[in-house]
There are 2 protein chains.
Amino acid sequence: MMTIREVTELTGIAAPTLRYYEKEGLLPHVKRNENGKRLYDEEDLSWIHFVTALRATGMPIAQIQKYVYLYKEGDSTISERKLMMLNHKKEIERSIRDLYFNLDKINYKLALYDVLESQIERTSIKI
Amino acid sequence: MMTIREVTELTGIAAPTLRYYEKEGLLPHVKRNENGKRLYDEEDLSWIHFVTALRATGMPIAQIQKYVYLYKEGDSTISERKLMMLNHKKEIERSIRDLYFNLDKINYKLALYDVLESQIERTSIKI
DNA sequence: CCTTGACTTCAAGTAAACTTTATCTTTTAA
DNA sequence: TTAAAAGATAAAGTTTACTTGAAGTCAAGG
């Protein structure tokens, strides 16, 4: 069992953020010691990593809340949770496609700069 | 020359957003008619598409402001602007890598759900 | 003993990027 | 020609996801 300090050191996530995630219901069953201090076990760490992956891929807090709510409901919600993950997978794939699409535009801009610079260079040589 | 309405229809960007971008200095040299109404030409449209690509790839407004400021300075800032684009290109590539990395985790989760469902199915057949 | 440091909670504050509202002027269609 | 629609400005409001501050508790070290 780890303290919140150890978890912040291990994950790089600030303690207030961990408390905020827990308060919002993104981290089910984080335990406390006899004085009310948080204690995290391996399963809590798994949840933290999972929530972090969802956040990093743009899933809003509210949707993760819903997912965790379904998780707490038990096995009857497995298909719905799987569907959420399938939809989110599609969202991520769309994000990747969009990034590639816009990256092309940036590369086009860079190519223009290359042309521009070579023109300037040629002009300079002429002078 | 197009009105703001035609631009919103063409680009899907809301008129208040176009005004906001202009006020923040992201759209240089948008003209006005004799009564102060905005008129957009092809070059303005290019800027709008470019700004949209930068925003869609996560460049903050403040950084685009800086880019446009350099653009207005003239040719002496070409290398700096090119550098900004090169750095942004790296940022986009990093974002894409991160998304792939986290997509793997989601796919792993989905694989777990597949196992779970097949287990449930087998159990049901036994009953 | 008592102070320091690591917790706790709750409420308020922040940042970024829009979006909405209020008020006013100008077109445009009936 | 007049009423509705479209456009302008400035300021305030919204949303999301944290972050910071205030005030209190508790264990450990000097």
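Chain letters run A, B, ... following the sequence lines, proteins first, then strands; residues in each count from 1. All values below come from the heavy atoms of this structure, side chains included, with hydrogens, waters and symmetry mates left out.
- Using a 4.0 Å heavy-atom distance criterion, B:Arg19 is classed as a base contact.
- Residue A:Glu91 forms a side-chain hydrogen bond (donor to acceptor under 3.5 Å, both in side chains) with just one option from A:Arg94, A:His88, A:Lys89, and that option is A:Arg94.
- Between A:Arg32 atom CZ and C:dC7 atom P the separation is 13 Å, expressed in whole Å.
- Under the 3.5 Å distance criterion, the side-chain polar atoms of A:Asn102 are left unmatched by any main-chain donor or acceptor of A:Leu99.
- Linking Ile, Leu, Val, Met, Phe, Trp and Tyr residues whenever their side-chain heavy atoms come within less than 4.5 Å places A:Ile78 and A:Tyr71 in a single cluster.
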Restricting to nitrogen or oxygen on both sides, can you table the protein-nucleotides 23-26 of chain D pairs closer than 3.5 Å?
none

Evaluate the side chain to side chain contact (heavy atoms under 4.5 Å, CB included) criterion for residues B:His29 and B:Glu22: first the C-alpha distance (whole Å), next the side-chain angles of each, then the deciding distance (0.1 Å), finally the verdict. CA-CA 9 Å; B:His29 53 60; B:Glu22 187 183 336; over 6 Å; no
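- We find that CD of B:Glu9 is positioned 16 Å from P of D:dA5, with the value rounded to whole Å.
- Phosphate proximity of C:dT8 to A:Arg38: present, with a side-chain N or O under 4.0 Å from OP1 or OP2.
- To the nearest angstrom, P of C:dT9 lies 13 Å from CD of A:Glu24.
- Nearest heavy atoms, A:Arg5 versus A:Glu9: NH1-OE2, 2.8 Å.
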Distances under 3.5 Å between protein N/O atoms and the N/O atoms of nucleotides 10-13 of chain C, please, pair by pair.
none

N/O contacts under 3.5 Å, protein versus nucleotides 18-22 of chain C?
| residue | atom | partner | partner atom | Å |
| --- | --- | --- | --- | --- |
| C:dC18 | OP2 | B:Tyr21 | OH | 3.0 |
| C:dC18 | OP2 | B:Arg55 | NE | 2.7 |
| C:dC18 | OP2 | B:Arg55 | NH2 | 3.3 |
| C:dT19 | OP2 | B:Thr17 | OG1 | 2.7 |

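- Between A:Glu93 and A:Arg97 there is no salt bridge, since no side-chain nitrogen of the basic residue lies less than 4.0 Å from a carboxylate oxygen of the acidic one.
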